[in-house]
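Before any comments, here is the structure.
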Number of protein chains: 2
Amino acid sequence: MATTTAAQRRAAAKVQFDAFLAACPSRQLLDRISDKWVVLILCALGGDGLPRPARGKGGGPRALRYSQLARTLAGVSQKMLTQTLRSLERDGLVTRTVTPTVPVTVTYELTDLGRSLLEVVRGLKTWAENNMTTVLAHREAYDARTSRP
Amino acid sequence: MATTTAAQRRAAAKVQFDAFLAACPSRQLLDRISDKWVVLILCALGGDGLPRPARGKGGGPRALRYSQLARTLAGVSQKMLTQTLRSLERDGLVTRTVTPTVPVTVTYELTDLGRSLLEVVRGLKTWAENNMTTVLAHREAYDARTSRP
DNA sequence: CAGGATCCAGTAGGATACTG
DNA sequence: CAGTATCCTACTGGATCCTG
């Protein structure tokens, strides 16, 4: 139907969020997802930090336990881990599943929305890792240039 | 040559930065580039926030003046703008050009390295803008679910 | 115009202790 | 095991004033 298509076009065009605007909610969302821990958690749930890449299927997104996440993200405090996981859950990026064993087992898994964001933030992590040497060289040159009286 | 290939493989494999490790410098770099202002500045220098998309050539990366950046990133303090620009310059992501007019004119432009990062962070900004509605719906559902006694 | 310098409130985030 | 709660520090980041 032409009407449906037109309506869809309008709906898509209507939602004009612009992160350049201070008051736009998308700026706050950008602020939330532009976070070290968000990137690392999503990548971990995406299967990037698993020590055993040769898993059952193919290293795709997996459900991880809280303690597994804590171990993968070396140096994260439980406060930041829990806090970040909560906000990710609230935003619909991860699901939290509680299995009533003794002691209780809690697993986190990416949602479809979370996987779509993973594609983006994974690029951030790999960019940082791949260009570290170049950036380090630039810093050295910059510091040598500016520290000279 | 087989030796060259082997050496290249070794060189590529040798630079094993892992942002999952707390002590790895790539984690700090990830922390730096995972920043609201970094994303917005790079996007602005990439030509995303220009009011006139129909420019001379094709809206590609351009040199922008300090004041233009300040206007594009609505609500940014001059402290954060200057501070972020300095760190971007230090890391070799942007160049700073001073033209000795009166008053002085300063322009910022992306380097090749900066452009490579722009490809990534631009995805972050557009993701936030495109999925804002979905995230908002998830939050509402989550809050309604948890606020109930 | 493009910042540098300073002051200062708010909060991010770590350490620690306790719990279902 | 998987948190919650509390305390406390350090840094973030905004506002303001000043300069080449």
Side-chain angles (χ1 to χ4, degrees), chain A residues 19 21-23 27-41 44-45 63-90 94-109 142 145-147 149, chain B residues 19 21-23 27-41 44-45 63-90 94-109 142 145-147 149:
Chain A
L21 304 174
R27 166 154 325 173
Q28 297 163 18
L29 181 57
L30 176 63
D31 200 20
R32 283 210 167 283
I33 64 181
S34 300
D35 179 63
K36 185 181 36 175
W37 301 126
V38 169
V39 173
L40 291 177
I41 287 178
L45 292 177
L64 288 186
R65 299 184 56 170
Y66 181 88
S67 50
Q68 292 182 290
L69 280 170
R71 237 171 295 120
T72 305
L73 308 198
V76 67
S77 64
Q78 78 286 48
K79 179 183 177 179
M80 288 316 296
L81 183 54
T82 303
Q83 188 174 295
T84 308
L85 283 169
R86 284 288 174 279
S87 89
L88 291 178
E89 186 194 2
R90 190 170 103 103
V94 305
T95 56
R96 179 173 178 271
T97 308
V98 181
T99 310
T101 52
V102 276
V104 68
T105 306
V106 181
T107 60
Y108 292 90
E109 194 166 12
Y142 180 92
R145 200 183 320 137
T146 55
S147 66
Chain B
L21 303 175
R27 168 157 320 175
Q28 297 163 18
L29 180 58
L30 176 62
D31 200 20
R32 282 207 171 285
I33 63 181
S34 299
D35 179 63
K36 184 181 39 177
W37 301 125
V38 169
V39 173
L40 291 177
I41 287 178
L45 291 177
L64 289 186
R65 301 184 55 170
Y66 182 88
S67 50
Q68 292 181 289
L69 280 170
R71 238 171 294 118
T72 306
L73 308 197
V76 68
S77 65
Q78 78 288 47
K79 178 181 178 179
M80 288 316 296
L81 183 54
T82 303
Q83 187 173 295
T84 308
L85 283 169
R86 285 288 174 278
S87 87
L88 290 178
E89 186 195 2
R90 191 169 103 102
V94 305
T95 57
R96 178 172 178 272
T97 308
V98 182
T99 310
T101 52
V102 276
V104 68
T105 306
V106 181
T107 59
Y108 292 90
E109 193 165 13
Y142 181 92
R145 201 182 319 137
T146 55
S147 66

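As the structure is a prediction and not an experimental result, all values here were calculated from the model. Reminder, nothing fancy here: chain letters follow the sequence lines and each chain counts from 1. Quick note: numbers below take in every heavy atom, side chains included, and nothing from hydrogens, waters or symmetry partners.
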Generate the contact string for nucleotides 1-20 of chain C. Rules: B means base contact, S means sugar-phosphate contact only, - means no protein heavy atom under 4.0 Å. SSSS--------BB-BB---
For residues A/Leu73 and B/Arg27, report the shortest heavy-atom separation together with the two atoms involved. C-NH2, 4.1 Å
Testing the basics here: between B/Leu30 and B/Ala19, what is the closest heavy-atom pair and its distance to 0.1 Å? CD2-CB, 4.1 Å
Nearest-0.5 Å distance, CG of residue B/Asp35 to CG of residue A/Asp35: 10.0 Å
Testing the basics here: between A/Val39 and B/Ser34, what is the closest heavy-atom pair and its distance to 0.1 Å? CG2-OG, 4.0 Å
Non-hydrogen side-chain atoms of B/Tyr66 and B/Leu85 separated by less than 4.5 Å: yes
